[in-house]
Amino acid sequence: MPTTDATTEAATAATAVRTGRLEAPGATLHYEVRGRGPLLVMMPGGSADAGIYDTLAAELADRWTVVAFDPRGYSRSTLHGPAGEQLPGAHSEDVARLIELLSPDGVPAAVFGSSSSAIVALDLLSRRPGLVGRVVAHEPPLVELLPDPAAGRAVFAAVRESFLRDGVEAAMAAMAAGLAPEGGAGGGRYEAATGADEESRAATGPVEDGGATVPPEESGGASEAEAKGKAGAGAKAGTGAEAATVRRMMANLPVFLEHVLCSFSGHAPDLDALRAAGPKLVVGVGRDSRALLPAVAAERLAQRVGSATAEFPGGHVGLTEDPVAFGARLREVLLG
C-alpha cells in the first residue's frame with residue numbers, strides 16, 4: 001500500500017499543470033493539461049479563459065486528462081491579425097485540432113461547454129462527431145430556437161450597440177434589462193424567481209462561461225476586490241496569479257461583446273446532425289435559471305434533437321458559484 005507521502009505526491013502530480021501552444025489558421029492557442037486518463041476538453045465561454053476551470057479541472061484530473069484553453073483572440077491565445085467577427089465553426093475547428101493533438105490514438109474525447117462555448121461544442125458534435133464520445137452543452141443561448149427568435153436577436157444586438165456606443169458597463173446594464181422576465185424574449189417563460197444579479201451574470205455567461213461579467217473598475221463597475229470575489233473558479237481573491245486571471249478575463253470583454261456575442265447567439269445549429277448524434281449529447285440546464293433565455297433555448301434544443309437533459313447546481317453561471325458541486329454533477333453526467 002502506498003505511503004501517505006507517496007499518495008500526496010501522486011495527487012500533486014495528477015493536478016500539476018502542463019502548458020502548450022498550438023498553431024491554428026489565424027491564431028496561436030494557449031492550452032493547459034492536468035491529470036491522466038481519457039481526454040476531457042473544458043471549453044470556456046463568455047469572456048473567460050482556461051483559468052476559469054482551475055478548480056474544476058483539479059477536481060476531475062483524477063479520472064480524466066483535463067484540457068482547458070484560451071479561445072482564439074482571448075488572453076494568451078493570440079490572433080495573427082486584427083480581431084474580426086468570430087464564428088462557432090472556426091472555434092470548433094480549434095477544439096478539433098486540440099483533440100487530434102492530445103488524443104493521437106483516436107479515442108473520442110469528452111467535451112464540456114457552457115453558454116457561448118456550449119454553442120461551439122454543439123458545432124463540433126455536428127461537424128466532427130467521430131472526435132467526441134460525450135458532449136455536455138450547458139445552457140447554449142441559441143436565440144434561433146426561442147419561440148420568438150427576432151426578440152432574442154434584438155436583446156443581444158442592443159447589448160452590442162450599447163457597448164460600441166457607451167462601453168462595457170452600459171452593455172452589462174442592457175444585458176440585464178434584456179434578460180429580465182418582462183423582456184419576453186423567451187416566449188413568456190421568464191417568470192421564475194431569478195433576481196437581476198442572475199440575469200446580469202447570465203448575460204455574458206460566467207467568468208465561467210464566460211466571462212468576467214464584472215465590469216472593469218475604470219468603467220465605473222465593481223472594484224477589483226469585488227471582481228475577485230465574483231469571478232469564481234480559478235479566480236479567487238488571494239495570490240497575484242489569481243488577480244491576473246481576473247484581469248485577463250475582464251480584458252476579454254470588449255472582444256466578446258463586439259465580435260462573439262451576436263454571431264454565436266445567432267448561430268443556427270445543424271439540428272439534423274445533432275439528432276443523428278443525439279446519444280452522445282447531454283444538454284445541461286441550471287436549477288436556478290430555467291426561466292432565463294439560455295435555459296429556455298437549451299430545453300428547446302433538447303426537445304428538437306431528442307437528447308438527454310441534466311440539471312446542474314446553481315444558475316447559468318453555476319460552475320463559478322459552486323465549482324465543487326458543479327464538478328460532482330458533471331462527473332456523474334460524463335460517467336452516466
Classify the ring geometry of F312 against F112: parallel below 30°, tilted from 30° to 60°, perpendicular beyond 60°.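 F312 vs F112 ring planes: tilted.
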I'd like to know if D322 pairs up with R329 as an ion pair, taking the criterion as any Lys NZ or Arg NE/NH1/NH2 lying under 4.0 Å from an Asp or Glu carboxylate oxygen.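 No, no charged N to carboxylate O under 4.0 Å.
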Ion pair check, E311 and R290, cut-off under 4.0 Å: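 Judged by the 4.0 Å cut-off on N to carboxylate O distance, E311 and R290 do form a salt bridge.
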Is any side-chain heavy atom of [X] less than 4.5 Å from a side-chain heavy atom of [Y]?
X	Y	value
L301	L271	yes
L319	Y53	yes
M250	S47	no
L29	F69	no
R34	D54	yes
N252	D70	no
V41	V95	yes
S116	F256	yes

Decide yes or no on side-chain hydrogen bond (donor to acceptor under 3.5 Å, both in side chains) for T28 and E23, but give the supporting numbers first. CA-CA 5 Å; T28 301; E23 293 297 325; 2.9 Å; yes
Does R304 have more than 12 heavy atoms from other residues, nucleotides or ligands lying within 6.0 Å of its CZ?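 Check fails, neighbour count at 12 or below.
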Given side-chain hydrogen bond (donor to acceptor under 3.5 Å, both in side chains), test D270 with S126 step by step and report yes or no. CA-CA 6 Å; D270 186 337; S126 65; 5.4 Å; no
Of E258, H91, H259, R72, which is the lone residue that meets side chain to side chain donor-acceptor pair (under 3.5 Å) with Q86?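 Exactly one candidate clears the test, H91.
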Intermediate values then yes/no, side-chain hydrogen bond (donor to acceptor under 3.5 Å, both in side chains), S92 and D94: CA-CA 5 Å; S92 71; D94 288 342; over 6 Å; no
